[in-house]
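Written below as structure tokens is the structure these notes are about.
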Amino acid sequence: MVTKLKEVDAVIVGLGWTGGILAKELTEAGLKVVALERGAPRSTENDFSLPNIRDELRYVVRHDLMQNTARDTITIRNNPSQEALPMRRLGSFLPGEVVGGSGVHWSGHTWRWTDMEFRIRSNYEERYGKNFIPEDMTIQDWGITYAELEPYYDKFEYVAAVAGKAGNIKGQIQPGGNPFEAARAREYPLPPLTPILASEMFSEAARNAGYHPFPRPSANATQPYTNPDGIKFGACQYCGFCQRFGCEANAKGSPHMTVIPIAMRSPNFELRAHSWVTKVLKDSDGKRVTGVAYTNLLNGEEFEQPAGIMLLCAYAINNVHLMLLSGIGEPYDPATQKGIIGKNYCYQTGTGATLFFEGKFFNPFMSAGGSNATFDDFNVNWEFDRGPHNFVGAYNVSGGFNTALPIGYRPVPSGTPQWGSEWKRATAKWYQTAMTISAAGSVMANRYNCFDLDPTYRNAFGQPLMRMTFDYKANEHKVGQHAAQVINDIAKTMTPTNLNPARARTDPWTVVPYQSTHNTGGTIMGTNPRNSALNKYLQSWDCHNLFVIGANVFPHNASYNPTGPVGALAYWTADVIKNHYVKNPQPLVPA
Amino acid sequence: MSGRVGGVTLVLAFLLSGAAYADGDAARGEARFQDCAACHKLEAGVNNVGPTLHEIFQRKAGALSEFRYSPAMKRSGITWTPETLDKFITDPQGMVPANRMPYAGMANPSDRSDLIAYLQKATK
């Protein structure tokens, strides 16, 4: 039996960064908001305090804060000719499944994506002509500008306590920052992290090679800090347990200790944890959504929660899944290239080298989430001519490490036996002496990389699993080759005792090992209903009271981590709902 | 004789350190308290990541029944005074090894005396 509940002004599905931001902003604007979150409540004081949080087995190997694949997972294949198989264990990416979402276990890397991405097709066509972009590369302009998002990036950085060094304030290049970044209105709220030896050595080598290294901006508070909402941050202790863990010191900007507790104090807000949304409900003519169906995971009770405004704020992949399960918009078909929902799924690529220096002590157990230096000479820099290399996109290069954990971090020179006493000797010998240089590369949209509903496999609720079809294309292999060359050239100038060189990947993508939790696309934003699922305010073209927020709106994936624009877009959408949509609920952009 | 000298030294040390806290600037100490504020509240009964600091002075370490302390803190035998707190904040792991406070310490003595001067007022 389904219990129909009383209508509220807005329902939020998924309470991480985006859901938390919208919950806070909309309750403050006087709306009655209910948030439905699959996972359990988590707080620093009850769950992330010492010593329990420093448990690599629990959080890294057993994925305590992440999606339970026994209940719902996705099926995976590299191309449409294959049969997709379920991912039975998390590997390549790690969707969060607790109050706070992936914002609890992220590292904090916070970037501003710019018009380089938002005008990607225009940029490349203007520079290199229409034929430069391969026919099957379905990249498109986003329909938004950096100038529109700048104040919202600023807002997110100040809320999340991002530590960094500005490279460009109002057009003035700042020494020590990233000279290629777009102009920002002001400095970061906090000074950058203290560099570790590995990042210092990398920075020196990169500078000698003519590049422009700078400290990676990260939501790791470098000093005690009170954000504009009055939330107090402790200082980062460089404990080495950042990525995949909650922060024991309240130093990592996370929704569970910033926006969510503020919403929780409001009588307008209600959180229902352990609530699994199975479907978004539409009215009879399909022009509006009316609410959601959900199940209380603790006792199996089913509910219908009507709402005036629906906000899908789950993990990117799960937002797309819910759209497909609910029959909102036309599902994308890679064979005919008709339809929208599921289109332009993108991932990231990368490569890296490990350098061993006999006699050095890198102390890899001491680091913050953003303890590396980065350069963008081959990233957000048009001086880097892609023409001769014949690829679209970019990569950033970083040196150092973060979260080098006691069980999993075992660097040994290539050629070392993979087990046994030789391996044991080598891991003891080299643990202190290794550092990495790595590149994170963009992935351009391709007509064959997409999501749809799996025809065979079903989840615990009897619903079709999401099917992911993905592989790297020639474009990404070329990005990887260029990056590997640059990394190896720098590494050699550092004259390590041993070098495991970077190699461009050419094998098909697989779901192991861990690579990146930066899955994007599926319900993309754009300029009209024929090329996108959502308008520039992340409002559905099909149902105007439905907003879908997350990296699922990105039409392609850049080399940067996605949380900066995800947070900025959440504030951007919150503003338009508060200031325009509630007064005049209709499409914010004419179709 | 040696005991007596020790006693004199102890009294002197107490007076000196007492004087130092008295010289601490509570206003500056309020700014230093930002180091603590993400985890510790000053209101009675409000435990967060760390226990409330309300009426900390003259309390025994690990004494609040509603806060989950580390075994190390519970068996430390410390009674919080300006002197013991000063020593603890200097190097928390040095004074109470295996305690659970994720804080590396406040190195500067005048920062510490400012902080303690503030806490003496604000925790009453």
Side-chain angles (χ1 to χ4, degrees), chain A residues 42-55 100 104 159-161 163 189-191 193-194 219-227 229-242 245-254 256-258 261 264-265 363 365-369, chain B residues 27-43 45-54 61-62 64-76 88-108 111-112 114-115 118-119 122:
Chain A
R42 287 283 185 274
S43 68
T44 308
E45 52 270 37
N46 292 326
D47 302 289
F48 306 146
S49 59
L50 284 168
N52 303 356
I53 189 61
R54 294 194 192 171
D55 187 339
V104 173
V159 165
L190 288 159
L193 289 157
T194 304
N220 308 144
T222 44
Q223 296 167 0
Y225 172 67
T226 305
N227 84 2
D229 301 323
I231 296 293
K232 306 235 180 240
F233 286 72
C236 175
Q237 301 294 310
Y238 300 82
C239 76
F241 286 75
C242 195
F245 301 89
C247 180
E248 65 201 35
N250 272 336
K252 176 165 68 175
S254 294
H256 77 279
M257 47 79 71
T258 54
M264 296 286 277
R265 290 202 289 266
N363 292 342
F365 46 85
M366 284 194 291
S367 65
Chain B
R28 278 206 302 266
E30 187 171 8
R32 296 271 69 78
F33 182 67
Q34 294 308 307
D35 272 28
C36 324
C39 300
H40 291 285
K41 305 294 170 213
L42 298 167
E43 298 85 358
V46 185
N47 294 307
N48 194 256
V49 182
T52 176
L53 299 183
H54 182 70
L64 296 176
S65 59
E66 61 276 23
F67 187 78
R68 197 174 55 183
Y69 292 94
S70 59
M73 188 57 78
K74 274 195 260 188
R75 64 171 175 255
S76 67
F88 182 64
I89 300 168
T90 308
D91 180 3
Q93 287 299 330
M95 185 173 180
V96 186
N99 87 78
R100 291 177 188 158
M101 183 168 80
Y103 182 64
M106 190 177 283
N108 185 323
D111 283 351
R112 292 197 305 273
D114 291 344
L115 172 63
Y118 169 70
L119 288 176

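From a predicted model like this one, the values you see are computed outputs, not experimental measurements. Just so it is clear: chains get the letters A, B, ... in the order the sequence lines come, proteins before strands, and each one is counted from 1.
Side chains of B:Asn48 and A:Asn250 form a contact here, defined as non-hydrogen atoms less than 4.5 Å apart. Counting heavy atoms from C-beta on, the side chains of A:Ser49 and B:Arg68 come closer than 4.5 Å.
Neither the backbone nor the side chain of A:Ala235 comes within contact range of chain B, judged by heavy atoms closer than 4.5 Å. Of the atoms belonging to A:Ser43, not a single heavy atom falls under 4.5 Å from chain B.
In terms of the side-chain contact (heavy atoms from CB on, under 4.5 Å) criterion, residue partners of B:Thr52 (sequence neighbours excluded) are, by chain and number, B:Asn47, B:His54, B:Leu64. By the side-chain hydrogen bond (donor to acceptor under 3.5 Å, both in side chains) test, B:Glu30 is found to be paired with no residue, residues two or more places apart in sequence or in another chain being considered.
Rounding to the nearest 0.5 Å gives a distance of 9.0 Å between CD of A:Glu45 and CZ of B:Phe67.
Judged by distance alone, with hydrogens and angles left aside, the side-chain atoms of A:Gln237 form a donor-acceptor pair with the main-chain N or O of B:Ala104 at under 3.5 Å.
The candidate with the highest count of non-hydrogen atom pairs below 4.5 Å against chain A, out of B:Gly50, B:Cys39, B:Ala38, is B:Ala38.
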